[in-house]
Amino acid sequence: MNQVLYVSRKGNTKKVADAIAQALGVKAEEIGPQTTAAHAELLFVGGALYAGKIDSTLREFCEKLTPGQVDKVIVFSTAMSGKTAGPEIKSILKPKNISVADEAFHSKGAFLCFNRNRPGEKDLKKAGEFAKKIAGI
Ligand SMILES: Cc1cc2nc3c(=O)[nH]c(=O)nc-3n(C[C@H](O)[C@H](O)[C@H](O)COP(=O)(O)O)c2cc1C
């Protein structure tokens, strides 16, 4: 089973999550304080950067995740810049011996007057293709 979970304050990362989920034939779910991962072979986890950090709800979710809940985590993210959520998520998961794929998906995300309309159609198409390649479908 593949699962797609995300945190998105403004909707940009949600667009990518939905594109990935659609490509995999599942439904993306927003992470809340009570969210725990069902056992997933591939767990796609998405978030954005806010003042250089991931949202605390996403951080807490990652802190609670256990190796038994997931075979492999794949990170996707959006941000105003090319900086991704990957390093922070990996820094939480790797010490717990949770496998995190080297491959990750990142799209520029609209913020103030920057990156208008991103992620756009092309970004979402790439996100879907990325997910299918990772899942081998
Ligand atoms: C309060 C705030 C702080 C942000 N700080 C950063 C940042 O430090 N670096 C960056 O690249 N983007 C930053 N951004 C831009 C967001 O990462 C970008 O808009 C992202 O796509 C938002 O994702 P979301 O719509 O899923 O919340 C910030 C946005 C907000 C609202």
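Remember, it's 1-based here, ligands and their atoms both numbered in the order they're listed.
- In the model, Ser107 has no side-chain atom that pairs as donor or acceptor with a side-chain atom of Thr78 under 3.5 Å.
- Between Phe130 and Phe105, the angle of the ring planes lies from 30° to 60°, which puts this pair in the tilted group.
- Of the possible polar contacts, none joining the His39 side chain to the Met1 backbone as a donor-acceptor pair under 3.5 Å is found.
- The heavy-atom pair separating Ala37 from Phe61 by the smallest distance is N-CE1, 4.0 Å.
- For ligand 1, the protein residues within 4.0 angstrom (heavy atoms only) are Ser8, Arg9, Lys10, Gly11, Asn12, Thr13, Ala48, Leu49, Tyr50, Ala51, Gly52, Thr78, Ala79, Met80, Ser81, Gly109, Ala110, Phe111.
- Side chains of Tyr6 and Val16 form no contact here, defined as non-hydrogen atoms less than 4.5 Å apart.
- For the pair Ile54 and Ala85, the tightest heavy-atom approach, listed with the atom from each and the gap, is CG2-CB, 3.7 Å.
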